[in-house]
Amino acid sequence: MRFDLDALAARLPARPLTRFAPSPTGYLHLGHVVNAIYVWGLARALGGRVLLRIEDHDRLRSRPEFDAALLEDLTWLEFEPDAGPVRQSDEPHVYEDAVARLAHSHRVYACNCSRKDIAAAGDATAGNEVPYPGRCRNLQVPRSMFLVPGSGLRVEIAPGEERFIDALLGEQRQDPSRQCGDLLIRDRDGHWTYQFAVTVDDVRQDIDLVVRGADLLASTGRQIRLARMLGRAEPPVFVHHGLLLKPSGEKLSKSSGDTGVRELRASGASAPDVIGRAAALAGLVDEPRPIRASDVDELIGRAEL
Ligand code: GLU
């Protein structure tokens, strides 16, 4: 498979805006570097721009030291954003306003179900996602309860398919009502969920192109639906790229010492060495060789993916 850059450009405005959106819940690792290669590579190949968005909606797991380290490592790697960094925690009212907007024309309701309650309502074995069974939908909790801590918040998701053409994987069809059911937008601890925060941001920041790992493919239909419900009729273009695997076949984790950018740096690797190693692990080049951040667009146009 190869990127058809002309076909992709035809679906995008001139100077399209994409984003690099790490969560400050750990240090940068080679999986992030692969994502950065695709994000910056596509942005540069298409004459576009990269917004750096720090996704710190999860206030329990986000830590300032990870935030600072992400910025420092990106600078060391020489992946320079055209805008940002912006943080989700900078503007909390944005998400409250979005809930109010949703609640104008959609059913938003308080929900007290735990993950366990939901898992018990379906087949949660083997990591299956169990759609929300709707228990709290009919409780008619008054609107004044919406922003009360201790109670989560959901929005009703109507049945129906979302179709989109992934620039690498082709046509996709997802019915969010069957995948996740009514979508959790704020959890019981009072934190905005990933699905809600990322969609609100992609809408308000006018993101044209979303480039991320294939582990998030199943999230895309619901994000397109939620964006529509928030008033964005035309979704961004999505690209879901392959994930890095360790030789053992497992997904890389943020805690793996052998793949952390900091560890590689401490062991004497240069920034181009680290980028080249990530590119090789992702199959973008046959053998590791030093690659500068400013040259990653050449990988994207040429590589067999
Ligand atoms: N913040 C997410 C992560 O670090 C990425 C979200 C996205 O690209 O949609 O996995």
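In this text, all values refer to a predicted model and were calculated from it rather than measured experimentally. Order of listing sets the numbers, starting from 1, for every ligand and every atom in it.
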Less than 3.5 Å apart, which donor and acceptor atoms pair up between the side chains of residues 154-161 and the rest of the protein, not counting sequence neighbours?
{"unit_1": "R154", "atom_1": "NH1", "unit_2": "D182", "atom_2": "O", "d": "2.9"}
{"unit_1": "E156", "atom_1": "OE1", "unit_2": "R107", "atom_2": "NH1", "d": "3.3"}

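- Note on ligand 1: R19 sits in its first shell, one or more heavy atoms being nearer than 4.0 Å.
- A salt bridge is absent between E96 and R186: the closest approach of a Lys/Arg side-chain nitrogen to an acidic carboxylate oxygen does not fall below 4.0 angstrom.
- R292 has no carboxylate O lying under 4.0 Å from a charged side-chain N of D295, or vice versa, which leaves the two without a salt bridge.
- Residue-ligand proximity, V198 to ligand 1, at heavy-atom distances under 4.0 Å covers atoms 9 (O).
- Geometrically, ligand 1 and V211 share no nitrogen or oxygen pair separated by less than 3.5 Å.
- Proximity of the aromatic rings of F79 and F20 is defined here by a centroid distance below 6.0 angstrom, and this criterion is not met.
- Close contacts between ligand 1 and Y194 involve ligand atoms 6 (C), 7 (C), 9 (O) [criterion: under 4.0 Å to a heavy atom].
- Each of the following atoms of ligand 1 lies closer than 4.0 Å to a heavy atom of R212: 7 (C), 8 (O), 9 (O).
- The shortest N/O to N/O separation between E55 and ligand 1 falls below 3.5 Å.
- Contacts of Q88 classified as side chain to side chain donor-acceptor pair (under 3.5 Å), with partners at least two apart in sequence or in another chain: D201.
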